[in-house]
Amino acid sequence: MEYNFTEIEKKWQARWAKDKTFKAADVSDKPKYYVLDMFPYPSGAGLHVGHPLGYIASDIMARYKRHKGFNVLHPMGYDSFGLPAEQYAIQTGQHPKITTEENIARYRQQMDKIGFSFDWDREVRTSDPEYYKWTQWIFIQIFNAWYNKTSDKAEDISTLVKQFETSGNATINAVCDEDTPSFTAQQWKAFSEKEQSDVLMKYRLAYLGEAYVNWCPALGTVLANDEVKDGVSERGGHPVERKLMKQWSMRITAYAQRLLDGLDTIDWTDSLKESQRNWIGRSEGTSLRFKIAVTSSNPKNEGVSRSEIEVFTTRPDTIFGVSFVTLAPEHELVEALTTDEQREVVNRYVETAKNRSERERQADINKITGVFTGSYVIHPFSGKQIPIWIGDYVLAGYGTGAVMAVPAHDSRDYSFAKHFKLPILEVVAGGDLEKESYDAKEGKLINSDFLNGLDVKDAIKTAIKEIEKRGIGKGKTNYRLRDAVFGRQRYWGEPIPIYYKNGIPYALSDNELPLILPEVDKYLPTEDGEPPLARASSSWKYKGEFDYEFSTMPGWAGSSWYFLRYMDAHNGLQFADKKLTDYWQQVDLYIGGSEHATGHLLYVRFWTKFLKDLGYINIEEPAKKLINQGMIQGVSNFAYRLLFNTAEEGAVEYPAEIIRQIPPVFFSKSYYDRWKKENKYKVDINNYLKKLNEDIKIKFPDFKGVIESDIGFQTIYVDVNIVENDILDIEKFKDWREDYHNAEFIFDEGKYVCGSAVEKMSKSKYNVVTPDLVCEKFGADTLRLYEMFLGPLEQSKPWNTNGITGVSGFLKKLWRLFYNVTQSGVEGLSVTDLEPTKAELKTLHKTIKKITEDIERFSFNTSVSNFMICVNELTDLKCNKRAILEPLLVLISPYAPHITEELWEQLGHTESIAFAEFPMCNDNYLVDDAFNYPISFNGKTRLQIEFPATHSIQQIEQEVMAREDVQKYLEGKTPKKVIVVQGRIVNIVV
RNA sequence: GCCUUUGUGGCGGAAUUGGUAGACGCGCUGGUCUCAAACACCAGUAACUUCAAGGUUGUGUCGGUUCGAGUCCGACCGGAGGUACCA
């Protein structure tokens with residue numbers, strides 16, 4: 001019988017589904033192991049070969065742990081709310097739900113072909129009302145919570161209200177808005193319902209607040225910081241502006257320190273932890289208040305004279321080097337501080353600064369702009385007057401939106417001072433201020449009164465002490481992390497379970513959930529600019545009366561807790577039973593892409609900590625170990641189309657019918673390269689144009705013009721499936737796109753050669769390779785082995801199928817180990833019950849040892865090599881012993897489950913191989929009778945001496961020393977030491 | 001700029017703790033089988049040198065530690081990813 005993977009794989013995939021082989025038990029005596037993949041967004045392009053990379057790795061772990069006797073939870077689901085389905089809906093009118101369902105069906109079909117051991121009974125979909133009911137429920141818990149800094153955890157809002165009622169908010173140590181006013185218990189009780197609601201909003205962990213947000217006009221929605229890259233939206237690449245808006249947000253900043261501390265307790269990669277640390281961006285410093293000077297030129301200052309400007313600095317030691325103070329253009333005191341003389345220029349500056357988009361601001365990051373307000377502050381120590389400037393290098397969103405500028409020791413202040421010719425005062429010795437600022441935190445303080453002579457480190461401490469003593473500021477820790485914007489002005493997301501009564505937002509109660517996403521006539525904003533959900537507002541009302549919130553939740557909402565839902569996927573009463581969350585605890589192994597470092601992976605940690613604070617779960621971190629699988633990139637192919645001058649640009653006007661008659665013409669890669677590099681294109685192109693114009697003269701005798709091309713080539717993406725080894729299949733290309741059916745080609749040696757580049761796989765680049773073709777041609781087991789064999793899991797690599805025959809050949813060879821091979825082909829099973837030989841045992845146990853080590857350190861690529869070595873050796877030994885082949889099957893089964901399952905059954909087993917015990921290595925079988933021990937004398941001479949394995953190291957040393965050749969080398973000297981490494985003598989030191 | 005990560009044959013990549021660098025696979029070369037091809041099997045394959053045995057050089061560059069360095073240390077160069085007027 002030949003190895004027929006198609007039949008075998010179909011058979012076992014059906015059997016596993018029918019028997020529910022991989023169903024995880026809710027109750028078990030076995031230890032638990034939870035291995036999780038980041039669930040995919042079901043996109044229209046289908047699963048590409050990059051997706052399974054992580055899934056195969058996690059599947060190997062899941063299967064390995066089952067062999068090792070664990071109760072394994074290995075689920076899969078879909079992150080099914082998201083932008084692409086909605087964009088598609090806007091274009092075609094098809095309901096995103098339909099699109100999503102179709103895509104999910106495709107994903108499922110593709111995954112099933114690869115033979116994953118998922119427990120599909122636990123599948124979740126974030127867009128399923130039964131699921132988002134609990135996303136909404138968690139939102140309400142967060143809405144109804146505040147952060148108590150004293151107990152350092154989130155608490156129910158009722159405990160806060162109780163304190164307000166007894167003692168106002170003076171004694172409360174909570175995370176809240178900066179502008180929260182203080183009030184007494186009496187005042188609290190006297191507040192109207194609206195006023196009370198407004199106050200509580202400043203404390204809630206999910207709150208409606210006015211803040212600068214990233215507004216994307218093209219998408220018509222706000223975006224979180226991690227959804228914006230280089231000033232454009234991550235999805236779609238549309239420009240993003242800053243805009244002050246009322247928005248639902250999550251007070252993730254309350255958890256900044258815990259998110260930072262928690263990193264030390266989890267086994268994630270250093271690079272990932274580092275990006276989270278940077279994103280949280282803790283910096284220790286001092287807040288410091290500067291009094292505003294009253295001057296004759298600004299009588300208005302009298303009104304603000306009691307006001308102060310608060311700045312944040314990490315360098316309080318440089319306080320005597322302050323030569324000006326800079327405010328962000330959006331700073332609240334700008335208006336009041338501007339003198340009449342300066343008003344016009346300040347207004348103009350603030351206007352332009354505000355209207356500049358984030359992108360423009362980043363584009364001319366080196367351009368220094370700013371204006372003087374006309375006002376001054378008083379230096380707290382020297383009493384001197386210091387000018388107040390406005391500059392857009394100061395960000396409104398960070399710190400206090402104002403900085404004390406120390407040009408001598410901060411490069412940004414330095415360039416600002418140089419540009420506006422402001423004084424530069426040196427206070428730390430060691431730099432050359434003619435050239436650049438001296439930012440380093442080392443050196444001795446000078447020109448600094450009571451700080452003179454101190455080291456920077458000591459000076460910082462002394463300065464803080466003095467500042468605190470005078471009551472003008474205090475030591476403070478700032479975080480770069482911003483609160484997370486939670487509302488999206490989009491349709492395809494979870495409705496936020498809030499309704500408004502008299503302008504006050506109220507949360508729905510538990511029994512009113514889920515709040516189902518209403519149907520709308522169009523998936524666009526309303527004419528008034530309200531989110532799409534407002535289109536349903538005439539009938540979609542709370543109790544038929546009150547408007548719901550029209551924003552929906554962001555993409556990260558549903559994925560921030562899905563790992564908990566898998567533990568109890570069908571619970572209608574709770575998001576998950578506490579008994580089950582207590583049993584499954586953390587994810588033991590989480591595999592996914594590193595692109596989620598500052599998004600999903602931060603939010604899921606945040607929600608986990610929150611749910612723990614309220615006692616719903618008892619873990620602080622969602623995943624104990626996390627591995628980032630590398631991206632499998634695609635290889636894109638290009639064709640080069642010659643462009644003709646259009647009527648608008650060219651001097652001659654071409655009749656449209658003639659232009660239409662000219663077929664698209666593609667030049668092979670070498671022509672394009674020459675054109676790009678040496679600009680010699682004219683020879684090639686002119687030859688073509690000459691011929692073209694001759695043809696046109698015949699066809700259109702009336703046309704007197706000449707067709708030209710000054711533009712050169714347009715590079716177009718070609719579907720990689722119609723290109724092989726960079727050679728384009730011309731016929732398929734013509735069929736591929738309607739407008740190329742009559743295309744002409746200029747060849748290189750009879751072939752059309754495409755350009756190529758390694759890029760991220762994406763539908764628009766036509767470089768997506770799906771796993772389906774590989775499964776069809778070589779089988780799922782080959783695909784699994786090959787994806788692992790491609791290289792280390794965590795490394796990014798381009799997809800190519802060059803080496804796949806090696807892996808496919810390995811499986812054929814494995815199959816043949818079990819069968820008699822004769823002239824006419826592979827025949828009956830040949831496995832015998834004879835005792836294995838020593839050599840066979842050695843091969844097996846060597847492999848057991850290596851594979852166990854490989855899996856434990858996630859080095860799946862080397863295990864494939866080790867399997868190959870093992871099978872090659874057994875083939876050479878003509879081994880057909882059951883005692884060798886059975887354990888070998890178990891070893892290979894996590895990697896290639898179908899073929900091993902089939903052979904396992906043929907060996908007479910009735911139970912699935914999935915739960916067979918993983919073989920143990922017996923070191924005794926690894927020992928040789930004799931080794932060759934190389935001896936090298938300071939790297940010069942080498943001798944090969946054999947010793948029996950029974951010899952101890954001392955015996956070896958003695959025997960080496962007794963040898964004539966060694967004695968001759970030593971020339972009577974006594975050796976200082978004989979170095980024995982790994983049972984071998986390597987060197988003798990004289 | 002800063003942070004993380006990486007650099008090994010024609011290619012993908014091995015080498016767990018410093019111990020015979022290049023496992024395994026692809027590709028290539030030669031051979032067996034075949035009318036021929038495919039499959040399969042056998043042999044060779046870092047470079048230079050030598051008829052051969054052998055010798056020399058070799059893990060981005062330069063230095064260091066060590067009996068011994070791909071591995072450890074210092075400086076530099078290149079690739080990838082993250083991040084940024086964050087005070």
Side-chain angles (χ1 to χ4, degrees), chain A residues 229-230 269-279 281-283 285-286 311-315 318 326 328 361-362 364-368 391-395 397-406 409-413 415-416 439 478-482 594-595 597-598 628 630-631 633 758 785-786 789-792 794-798 800-810 812-813 816 821 850 853-854 856-857 859 861-870 872 875 932-934 936-940 942 944 975-990:
Chain A
K229 295 253 144 76
D230 301 324
T269 59
D270 287 339
S271 64
L272 198 136
K273 288 192 196 180
E274 200 55 34
S275 17
Q276 289 215 347
R277 282 195 194 100
N278 290 339
W279 190 259
R282 181 192 156 103
S283 69
T286 317
V311 301
F312 175 76
T313 178
T314 55
R315 295 293 302 273
T318 61
T326 318
R361 235 171 143 157
Q362 279 184 0
D364 37 44
I365 211 156
N366 296 319
K367 215 168 117 191
I368 295 152
D392 70 355
Y393 78 97
V394 179
L395 303 177
Y398 183 76
T400 59
V403 299
M404 59 176 229
V406 185
H409 306 290
D410 181 288
S411 53
R412 292 151 304 175
D413 297 341
S415 26
F416 196 85
D439 294 13
N478 251 342
Y479 298 92
R480 199 184 76 94
L481 185 69
R482 297 278 76 98
S594 58
E595 66 271 21
T598 51
N628 295 124
M631 192 169 40
Q633 293 133 318
V758 172
L785 283 167
Y786 185 61
F789 186 65
L790 217 46
E794 307 197 50
Q795 198 172 298
S796 286
K797 53 232 156 189
N800 72 71
T801 50
N802 289 347
I804 204 162
T805 52
V807 176
S808 145
F810 157 73
K812 287 183 196 158
K813 227 167 168 176
R816 252 178 273 129
V821 183
K850 281 185 181 160
E853 283 167 1
D854 288 341
E856 295 287 348
R857 66 192 168 102
S859 179
N861 54 330
T862 53
S863 22
V864 181
S865 296
N866 287 324
F867 288 139
M868 289 177 177
I869 296 168
C870 179
N872 282 342
T875 305
N932 286 334
Y933 293 103
S936 79
F937 299 115
N938 291 335
K940 292 286 178 207
R942 257 179 215 154
Q944 297 273 308
K976 276 193 198 124
K977 57 178 171 179
V978 179
I979 298 165
V980 182
V981 180
Q982 290 185 350
R984 284 183 266 187
I985 292 192
V986 171
N987 220 323
I988 297 172
V989 186
V990 187

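Here is how names work: the chains are called A, B, and so on, in the same order as the sequence lines, proteins then strands, and each is numbered from 1.
Taking every side-chain heavy atom of Arg480(A) into account, rU83(B) is the closest of rU83(B), rA87(B), rA14(B).
Residues forming a side-chain contact (heavy atoms from CB on, under 4.5 Å) with Asn628(A) (at least two apart in sequence, or on another chain): Thr269(A), Leu272(A), Ser594(A), Leu626(A). Asn478(A) pairs by the side-chain contact (heavy atoms from CB on, under 4.5 Å) definition with Ser283(A), Phe312(A), Tyr398(A), Lys476(A), not counting sequence neighbours. Not a single salt bridge (charged side-chain N to carboxylate O under 4.0 Å, His left out) links Arg480(A) to another residue, sequence neighbours left out. In this structure, the side-chain contact (heavy atoms from CB on, under 4.5 Å) partners of Lys812(A), at least two apart in sequence or on a different chain, are Tyr3(A), Ser808(A), Arg816(A). Every residue two or more places apart in sequence or in another chain that forms a salt bridge (charged side-chain N to carboxylate O under 4.0 Å, His left out) with Glu274(A) is listed here: Arg277(A). Shown here are the side-chain contact (heavy atoms from CB on, under 4.5 Å) partners of Gln795(A), two or more places apart in sequence or in another chain: Pro792(A). Residues passing the salt bridge (charged side-chain N to carboxylate O under 4.0 Å, His left out) test with Arg482(A), sequence neighbours excluded: none.
The side chain of Arg315(A) places no N or O atom within less than 4.0 Å of a non-bridging phosphate oxygen (OP1 or OP2) of rA87(B).
Take the nearest nucleotide of RNA chain B for Arg412(A) and for Asn866(A): the residue whose nucleotide is more 5' is Asn866(A). Residues Lys813(A) and Val864(A) both approach RNA chain B. Their nearest nucleotides, taken by heavy-atom distance, put Val864(A) toward the 5′ side.
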Scan nucleotides 7-12 of chain B against the protein and return all N/O pairs shorter than 3.5 Å with their distances rounded to 0.1 Å.
{"from": "rG12(B)", "atom 1": "O2'", "to": "Leu790(A)", "atom 2": "O", "distance (Å)": "2.7"}

- request: Might you work through the side-chain contact (heavy atoms from CB on, under 4.5 Å) test for Ser863(A) and Lys850(A), ending with a clear yes or no?
  value: CA-CA 7 Å; Ser863(A) 22; Lys850(A) 281 185 181 160; over 6 Å; no
field: Strand RNA chain B as a dot-bracket string - pairs counted if Watson-Crick or G-U with both distances under 3.5 Å, | where the partner lies in another strand
entry: (((((((..(((......[....)))((((((.......))))))((((....))))..(((((..]....))))))))))))....
